[in-house]
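First up is the structure itself, then whatever we jot down about it.
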Amino acid sequence: MQNVELSPASVTQRGGDGRNGQADVAATSRPRRRIKMFSVALAAFTAFVIMSVVPLWAGYISSPRGRLSPAEHPWFFPVLILHVGASTVGLCTSIMQVWPWLRRKYPRVHRYTGRVYVFAGIYPAGVTAIVLTIFWPFSAVTTFGQDLLAVLWLSVTTYGFILARRGRTVDHRRWMLRSFALTASVMLNEILEPPIEAILRLQLHTRLAGSEDVLAQMANATDNWMGLTLSIIAVEWWLERDLLRRSARRRLTIKATADA
């Protein structure tokens, strides 16, 4: 997303009113603060991805088995590994897609990693997620949530890619931020799972009738739906704020030009 800032010369031309000059300087410093905050958030997300993915792969390598019987479903574990691998590619390349510095300094790298994100990450991960939910040993609520996420993931990413091919850069960035939010929702699930399970465990011997299986299904369904919902709300809030900031900067630029 591009930032429109007033140059020092235009701030100087605003001239005599010291309060106006201070307000303009503060306005121009806000985008820089937002960029720093975004960079810190992106670095934290990157660290969390690494801390989550490395133990996950270590577990699959040390204990190569899926949730279903290999004898009854011999294809299940290979498809699961393909899903996990493609999801890992999607997570890692999504970081490069939303990194403003990389996009500005090395646009070709941004484009190439974007194709990897779409064709080696999201597409195989989304399709295998739908295939796996057909046999996934959890509740229908979890299955519906996973299928909805996969369909949205594939649809939003495809539309963002089409916009890029048509040269609609601003719209492309907005839709790919939505794709990133859906990708990051998997990480949000990891954060939500422990507190949700702790809350539900308080009802283990009452409403859940002492069943650990019901507890696991409810916890899994709840964190899946909450992760998806909160991710969508967060990205739409961010995009709406971005539109308001752009509108405010345009008004400020027009006013500065008129007063010059």
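In what follows, residues are counted from 1 in the order of the sequence shown.
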Around atom CZ of Phe119, are there more than 12 heavy atoms of other residues, nucleotides or ligands at under 6.0 Å?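 Yes.
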State, yes or no, whether a side-chain contact exists between [X] and [Y] at a heavy-atom distance under 4.5 Å.
X	Y	result
Met226	Thr229	no
Ile95	Leu91	no
Val79	Leu132	yes
His110	Lys105	no
Val186	Ser87	no
Thr88	Cys92	yes
Gln146	Thr143	no
Phe180	Val235	no

[X] to [Y] - nearest heavy-atom pair and separation:
X	Y	value
Met176	Val118	CE-CG2, 4.5 Å
Ser94	Tyr117	CB-CE1, 3.6 Å
Thr113	Thr93	O-CB, 4.0 Å
His172	Phe161	ND1-N, 4.5 Å
Ala129	Ala150	CB-CB, 4.2 Å

Point-to-point distance, once rounded to the nearest 0.5 Å, from [atom1] of [X] to [atom2] of [Y]:
X	Y	atom1	atom2	result
Arg201	Leu215	CZ	CG	5.0 Å
Met187	Asn189	CE	CG	8.5 Å
Trp75	Leu80	CH2	CG	10.0 Å
Leu192	Thr222	CG	OG1	10.0 Å
Leu228	Asp223	CG	CG	11.5 Å
Trp153	Tyr123	CH2	OH	12.5 Å

Between Tyr159 and Ser179, is there a side-chain donor-acceptor contact under 3.5 Å, judged purely by atom types and distance?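 No, no side-chain donor-acceptor contact under 3.5 Å.
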Any side-chain donor near an acceptor of the partner, Asp213 and Gln217, under 3.5 Å: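 The answer is yes; a qualifying pair exists.
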Please determine whether side chain to side chain contact (heavy atoms under 4.5 Å, CB included) holds for the pair Leu102 and Val109, giving the CA-CA distance in whole Å, both sets of side-chain angles, and the decisive distance to 0.1 Å. CA-CA 8 Å; Leu102 180 69; Val109 175; 4.0 Å; yes
Within the side chain of [X], is there an N or O that forms a donor-acceptor pair under 3.5 Å with the backbone of [Y]?
X	Y	answer
Thr133	Ile130	yes
Thr128	Ala125	yes
Trp175	Ile162	no
Ser155	Leu152	no

So among Arg241, Arg174, Arg178, which one has a salt bridge (Lys or Arg N to Asp or Glu O under 4.0 Å) with Glu236?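 In the set Arg241, Arg174, Arg178, the residue that makes a salt bridge (Lys or Arg N to Asp or Glu O under 4.0 Å) with Glu236 is Arg178.
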